[in-house]
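Source: prediction; values computed, not measured. Sequential numbering from 1 along the given sequence is applied to the chain's residues.
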Amino acid sequence: MDCIFCKIVAGDIPSTKVYEDDTVLAFRDINPQAPTHILVIPKEHIANGAADITADNAAVVGHIFEIIAKLAKEEGLSDFRVVTNNGEGAGQTVPHLHFHLLGGRTLGVEMG
């Protein structure tokens, strides 16, 4: 598989990990858009982002949001944004479900 996030999960590409368990990996974005910019991904490849969330994999998405809350607290964020893009037209550049945790500054209200 030629998925950069799957390669990060496998350890083939280095990352700055901030959290890992059996189902989730969280690491710092290499092109941060805010002082805190962490990507939180399922280790399982869910190809088309949010469009591929089903009853079979919804539990991992719930777990991801538990981890996002934990990481926000650890990063000292009371105000933060969680974003997922679905499809190229929405800005998705890696075809693997992932969530951006952004914070550490005032974020604009314009979404595009």
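- Contact of the Ile68 side chain with the Phe99 side chain is registered, since non-hydrogen atoms from C-beta on lie closer than 4.5 Å.
- Applying the salt bridge (Lys or Arg N to Asp or Glu O under 4.0 Å) rule to pairs touching residues 34-60 yields Glu20-Lys43, sequence neighbours excluded.
- When the side chain to side chain donor-acceptor pair (under 3.5 Å) test is applied to Asp79, no partner is found at least two apart in sequence or on another chain.
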Subject >> Worked verdict on Lys7 versus Asp2 for side-chain contact (heavy atoms from CB on, under 4.5 Å) >> reply: CA-CA 8 Å; Lys7 290 178 181 179; Asp2 197 34; 3.0 Å; yes
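- When side chains are defined from C-beta on, Ile4 counts as touching Ile13, because their heavy atoms get closer than 4.5 Å.
- Val24 and Val9 fall into different hydrophobic clusters, defined by Ile, Leu, Val, Met, Phe, Trp and Tyr side-chain heavy atoms under 4.5 Å apart, directly or through other members.
- Here the closest heavy-atom approach between residue Cys3 and residue Val94 is recorded as SG-CG1, 4.4 Å.
- Cluster membership check: Leu25 does not share its hydrophobic cluster with Val61, using side-chain heavy-atom separations under 4.5 Å among Ile, Leu, Val, Met, Phe, Trp and Tyr.
- Using a 4.5 Å heavy-atom threshold, the side chains of Phe27 and Val18 count as separate.
- Of the inter-residue distances, the one linking Thr23 atom OG1 with Asn57 atom CG reads 11.5 Å to the nearest 0.5 angstrom.
- The aromatic rings of His100 and His37 lie tilted to each other, with the angle between the two planes from 30° to 60°.
- Residues Gly104 and Pro35 approach most closely at O-CG, 3.5 Å, considering heavy atoms.
- Minimum heavy-atom separation, Val60 to Pro42: CG2-CB, 4.1 Å.
- Arg28 is linked by a side chain to side chain donor-acceptor pair (under 3.5 Å) to Glu75, counting only residues two or more places apart in sequence or in another chain.
- Every residue was checked against the side chain to side chain contact (heavy atoms under 4.5 Å, CB included) condition with Ser78, not counting sequence neighbours, and none meets it.
- Annotation: side chain to side chain donor-acceptor pair (under 3.5 Å) contacts of His96 (sequence neighbours excluded): His45.
- Taking CD1 from Ile67 and CG from Leu101, the interatomic distance works out to 11.5 Å, rounded to the nearest 0.5 Å.
- In this structure, the side chains of Thr36 and Leu102 stay at 4.5 Å or more apart for every pair of heavy atoms.
- The two atoms that bring Ala26 and Val40 nearest to each other are CB-CG2, 4.0 Å, heavy atoms only.
- Under the 4.5 Å side-chain criterion, counting only non-hydrogen atoms from C-beta, Val82 is in contact with Phe65.
- Here Glu74 pairs with Lys70 under the salt bridge (charged side-chain N to carboxylate O under 4.0 Å, His left out) rule; sequence neighbours left out.
- For the residue pair His63 and Asp21, a side-chain donor N or O sits within less than 3.5 Å of a side-chain acceptor on the partner.
- Note that the CD1 atom of Ile41 and the CD1 atom of Ile8 stand 6.5 Å from one another [nearest 0.5 Å].
- Summarising the geometry of Leu97 relative to Ala50, their closest heavy-atom pair is CD1-N, 3.5 Å, with the distance given to 0.1 Å.
- No single ILVMFWY cluster, assembled from side-chain heavy atoms under 4.5 Å apart, contains both Leu77 and Leu107.
- Considering only heavy atoms from C-beta on, Leu71 stays 4.5 Å or farther from Lys73 through its side chain.
- Between Gln33 and Asn31, the closest heavy-atom pair is NE2-O, 2.8 Å.
- In this structure, the side chains of Phe5 and Leu39 come closer than 4.5 Å at one or more pairs of heavy atoms.
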